[in-house]
Every structure is written in structure tokens, then in C-alpha cells.
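As C-alpha cells, the structure follows; a few thoughts come after it.
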Amino acid sequence: MIGLTQALPQSFFARPAEIVAPELIGCLLVKLQDGGELLWGVVVETEAYCQGEPACHGYRRRSPSNETLFGEPGHWYVYLTYGIHHCVNVVTGCPNWANGVLLRAIEIANEPLRIAAGPGLLAKRFGINRSYNGLVVAKDCGLWLSSRPTDMAAINVNDLVQTTRIGISQGREMPWRWYLSSSKSVSRR
DNA sequence: TCAATGATTAGC
DNA sequence: CTAATCATTGAT
């Protein structure tokens with residue numbers, strides 16, 4: 001599948017998270033595995049985070065742990081949450097402004113529907129941990145995002161739902177979560 | 001509804 | 001320093 005190897009350019013990510021997040025729905029997350037095979041799936045759920053709103057990791061201060069979020073767009077921002085699960089984000093916007101999109105769920109063909117239905121599960125299935133933090137979203141680091149190949153079934157625009165974000169205690173009002181309503185691989189809560 | 005589990009931050 | 005919080009998940 002040719003489309004898998006055409007990574008989204010950095011310019012795609014150099015825009016506000018709330019613009020990039022819905023556009024990432026339907027795109028593919030692709031990983032070059034150790035054996036040389038490609039693992040890939042369709043992004044079916046995302047959330048946007050932006051400095052200036054309390055749910056964002058860059059809301060309070062810039063620190064070593066959130067430094068990546070303040071950096072160049074098109075880099076991976078990966079952190080450990082609840083001491084157990086990793087969350088995978090793409091840095092968006094422009095440098096010195098905390099901005100990013102959290103990948104919340106991926107649908108993988110020929111695998112159990114809920115294998116990556118949640119941020120932690122997604123990271124687990126793709127083997128993504130802190131070692132990816134700060135790396136470029138490109139083939140160079142073996143993990144990238146690509147646009148949806150033309151030979152795949154088109155997404156019905158009516159399937160894209162915009163709602164409030166989940167799993168946060170502050171900043172609940174902002175409608176910065178998007179997901180494919182037709183997908184059975186979206187996170188539950 | 002709650003525990004697991006550890007990094008990070010808030011509060012003295 | 002200690003306590004609380006946390007962009008989650010699976011079991012009860």
C-alpha cells in the first residue's frame with residue numbers, strides 16, 4: 001500500500017491543534033517494526049490541547065517533562081500517565097507555544113476491534129514509550145502519520161463527531177475531542 | 001466504584 | 001520534605 005510510506009509533512013502540524021486534530025481522523029499511524037514489517041491503523045479518535053487552557057500540560061509552566069510540547073511541530077510528545085500508561089501526542093502549532101494533539105484511538109484491520117481503543121492501549125499496541133518523546137514524526141524514527149490512501153474506503157463526513165474531552169477534571173467545556181461515530185474502536189471513557 | 005503504579009506538581 | 005494529582009484501564 002503506497003500511501004503508507006508517504007508521511008504527512010511538518011507543515012501539516014504547524015497549525016493550531018484544534019485544526020489538526022479533526023484532520024487527523026482517518027489518517028494512518030504507521031510503525032516500522034523490528035522485523036521490517038509495517039504496523040498501521042486508522043486514527044479514529046483525537047483530542048486537542050492548547051496552552052492557556054487548564055487541561056494542557058503546558059498550562060502552568062515549561063519544565064523538562066513538558067518541554068517537547070513547547071518545541072517544533074511534527075514531533076512526538078510521549079508521557080507516562082497514572083504510572084502505568086503512555087499517551088502519544090503530536091506537537092502542533094509553533095515553537096514556544098504548548099500545543100498538541102493526543103491520539104486516543106486507532107482501528108487496526110484484522111485485529112480485535114478494541115485492541116487500540118484508548119490512549120494507553122494504542123501506545124501499548126504500537127510499542128510506543130518515553131523513548132519516542134521528542135523524535136520527529138517521520139519515517140526516520142520508524143513512527144509516522146500518513147494521509148489516507150486513495151484506495152481505502154472514503155470516510156463519511158457525517159461520521160465525524162465533535163464533543164468535549166474526557167478523562168480530565170479541568171477544561172471540560174472545550175469541544176476539542178473528535179471521533180468517528182461509525183468506528184467500534186473508539187475509547188469508552 | 002476502585003486499585004494499580006510512578007512521575008510530577010502543589011503545599012508546607 | 002510529604003501529599004495530591006493525573007490527557008487510563010481492567011477488575012469488582
Sugar-phosphate only, base, or nothing, as touched by [X] at under 4.0 Å among non-hydrogen atoms:
X       : answer
R188(A) : nothing
S187(A) : nothing
I168(A) : sugar-phosphate

Original post:
So, does the side chain of R189(A) form a donor-acceptor pair with the base of dG10(C) at under 3.5 Å?
Top reply: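 Between dG10(C) and R189(A), which were checked side chain against base, a qualifying N/O pair under 3.5 Å is present.
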
Original post:
Between the side-chain atoms of Y82(A) and the base atoms of dA4(B), is any donor-acceptor pair under 3.5 Å?
Top reply: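 Side chain to base: no pair below 3.5 Å.
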
My understanding is that a pair needs two contacts under 3.5 Å, Watson-Crick or G-U wobble. By that rule, which nucleotide pairs with [N]?
N       : result
dT5(B)  : none
dA7(C)  : none
dA10(B) : dT2(C)

Which nucleotide in the set [options] lies at the smallest distance from any side-chain heavy atom of [X]?
X       : options                : result
I84(A)  : dA4(B), dT9(C), dA7(C) : dA4(B)
Q170(A) : dC6(C), dT9(C), dA7(C) : dC6(C)
H85(A)  : dA7(C), dT8(B), dT8(C) : dT8(C)
H57(A)  : dA7(C), dG6(B), dT9(C) : dA7(C)
R61(A)  : dG6(B), dT9(B), dA7(C) : dT9(B)

**OP:** Could you point out which residue of F70(A), Y49(A), Y79(A) forms a ring pair (Phe, Tyr, Trp, His ring centres under 6.0 Å) with H57(A)?
**Re:** Y79(A)

For [N], does either OP1 or OP2 sit under 4.0 Å from a side-chain N or O belonging to [X]?
X       : N      : value
S169(A) : dC6(C) : yes
T81(A)  : dG6(B) : no
R60(A)  : dT8(B) : no
S65(A)  : dT9(B) : yes

Quick one: [X] [atom1] to [N] [atom2], roughly how many Å, whole number?
X       : N       : atom1 : atom2 : value
R125(A) : dT9(C)  : CZ    : C1'   : 18 Å
N133(A) : dA7(B)  : CG    : P     : 14 Å
I166(A) : dT9(C)  : CD1   : P     : 8 Å
Q51(A)  : dA7(C)  : CD    : C1'   : 16 Å
R114(A) : dG10(C) : CZ    : C1'   : 13 Å
Y79(A)  : dT8(B)  : OH    : C1'   : 13 Å
L80(A)  : dT9(B)  : CG    : P     : 13 Å
L103(A) : dA7(C)  : CG    : P     : 16 Å

**OP:** Kindly say whether G58(A) contributes a backbone atom to a donor-acceptor pair with the side chain of R61(A) at under 3.5 angstrom?
**Re:** no

Original post:
Salt-bridged, K184(A) to E107(A), with N to O below 4.0 Å?
Top reply: no

Subject >> N-O pairing of E53(A) and R165(A) below 4.0 Å >> reply: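 A salt bridge links E53(A) with R165(A).
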
Subject >> Pair R172(A)-T164(A), side-chain donor/acceptor within less than 3.5 Å >> reply: no

**OP:** Check the surroundings of atom CZ in R62(A): do more than 12 heavy atoms from other residues, nucleotides or ligands lie under 6.0 Å from it?
**Re:** yes

